[in-house]
Amino acid sequence: MSIQSPAVIVTGSSGLLGRPVCQRLADAGYYVFGFDRVGLPEPPKDHANIRDIECDISDSVSVRHAMQKVHSMTGGRLASVVHMAAFYDFSGEDNDLYEKVTINGTDRLLNELEDFELDQFIFTSTMLVHEPCEVGEHIREDDPLEAKWPYPASKIETERLIRDGHPGVRSVFLRIAGIYTDYGRQPTIVQQLKRIYEKDFQGHFFPGDTDTGQSAVHLDDAIDAIVRTVERRQQIEPKTAILIGEADPPSYESLQNLIGQQLHDKEWATMYVPKPIAKVGAAVTDFVQGGDAFIKPYMVNMADDHYALDVSRARELLGWKPQHSLADSIAAMTDLLKSDPKAWYQKNGLVYPHGN
């Protein structure tokens, strides 16, 4: 079988972002090879131009076999590789899988791509590679990088590997904000909704400046940015970083009040708690819950971090701007939570507090 359409590889293809990216690219006329590990839920056979191939990027043999299959079908010609497969752990602890999967896995993939004629390599990074800014300021792609925990540190190292270790690759670094859907899905937003829905007393306390906030991006907007990047692959200069997210995020306090109004018809009072006390409280709660508490002590130090983004580069190079805002999307999230709480908890990987 020989592919006539321009071909794209999407790694992490069964994920929240990966599957709809495959679908959108296939709809746009590309033949898409979806790479993901064996044992993950079988994705739906949703398009004739999507072929799923088992590939574990932490294993050199698996990557080589997957790439050989693609080469035989494409003649070694690829329009783009959208590389999203990576390790992510919200615990804040270091883990060997950051190096094995995110960093070395990317290197394995790029080494196999040396046998291809490749127009573009997209690496989905994170806005968290940047140091936070002050309220009223906006982060730009050329601003300093600073990783405060292992996840963004792995992204910084992988960007460096691509840029310096594979300089001939036409690479693009999409530094994407936290992705949310109408059900929530973005962990910090989901936990904020959960605490207020359950009227959790701890949800009234915050160990940072409540005027700060963090940029987010709706899943549909993130998909649109990736597809636009593929379509403009010939115009984007190699080693280009592009921030993708909401320019001016709502503050923590405004989100608290908005969620409180939507769920309980009243504002949600939020009070400052000193960081040393918050750290002790987080550590005790995590211990009591057997290490399963969402709030970890390391997060307390980052409570003041503000991430507002200058997305002018995305607008100029991609013709992209977000069509959704987090503040406006809260109504959809709370409506879904109120209409079917059990389904909402299930979709967000949470235990429903009221049983069956």
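Just so it is clear, the structure is predicted and the values come from calculations on it, not from any experiment.
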Item checked: Least distance between heavy atoms, D119 atom then Q234 atom -> OD2-NE2, 3.4 Å
Checklist line | Closest contact, heavy atoms only, D56 versus V63 | finding: O-CG2, 3.6 Å
Next item on the list: Supply the atom-to-atom distance D221 CG to Q323 CD, rounded to the nearest 0.5 angstrom.
Entry: 6.0 Å
Next item on the list: Verify the distance criterion only: is there a donor paired with an acceptor across the side chains of H218 and S329 at less than 3.5 Å?
Entry: no
Next item on the list: Search all heavy atoms of V311 against all heavy atoms of G245 and return the closest pair with its distance.
Entry: CG1-O, 3.3 Å
Check: What about Y31 and F33, are their ring centers closer than 6.0 Å?
Finding: yes
Notebook entry, point to check: So, Q23 and D27: side-chain donor and acceptor under 3.5 Å apart, yes or no?
Noted result: yes
Residues 330-341 side chain polar contacts: donor-acceptor under 3.5 Å, at least two apart:
unit_1	atom_1	unit_2	atom_2	d
T334	OG1	I330	O	3.0
T334	OG1	A331	O	3.0
K338	NZ	Q262	O	2.8
S339	OG	D335	O	3.0
S339	OG	L336	O	3.2
D340	OD1	A343	N	3.3

Checklist line | Member of S251, P249, S215 meeting the side-chain contact (heavy atoms from CB on, under 4.5 Å) criterion with H306 | finding: P249
Notebook entry, point to check: Thinking salt bridges, do D115 and R64 make one under a 4.0 Å N-O criterion?
Noted result: no
Margin query: Using the rule that Ile, Leu, Val, Met, Phe, Trp and Tyr join whenever any side-chain heavy atoms are under 4.5 Å apart, tell me whether L109 and V169 fall into a single cluster.
Written below: yes
Notebook entry, point to check: Do you know the tightest heavy-atom contact between K148 and P132?
Noted result: NZ-CG, 3.9 Å
Margin query: If I compare all heavy atoms of R233 with all of A79, which pair ends up nearest, and what's the gap?
Written below: CD-O, 3.1 Å
Notebook entry, point to check: What do the steps show when you test I162 against T158 for side-chain contact (heavy atoms from CB on, under 4.5 Å), and what is the final call?
Noted result: CA-CA 6 Å; I162 298 167; T158 306; 4.1 Å; yes
Check: If every non-hydrogen atom of A303 is compared with every non-hydrogen atom of T212, which pair is closest and at what distance?
Finding: O-OG1, 3.6 Å
Margin query: For a salt bridge (charged side-chain N to carboxylate O under 4.0 Å, His left out) check, start with the C-alpha distance between D52 and R19, then their side-chain angles and the critical distance, and finish with the verdict.
Written below: CA-CA 10 Å; D52 295 298; R19 201 61 196 175; 2.7 Å; yes
Notebook entry, point to check: Between R24 and D224, is the closest basic N to carboxylate O distance under 4.0 Å?
Noted result: yes
Next item on the list: Scan side-chain atoms only and decide if H130 and D143 contain a donor-acceptor pair under the 3.5 Å cut-off.
Entry: no
Check: Between E316 and R313, is there a side-chain N and carboxylate O pair less than 4.0 Å apart?
Finding: no
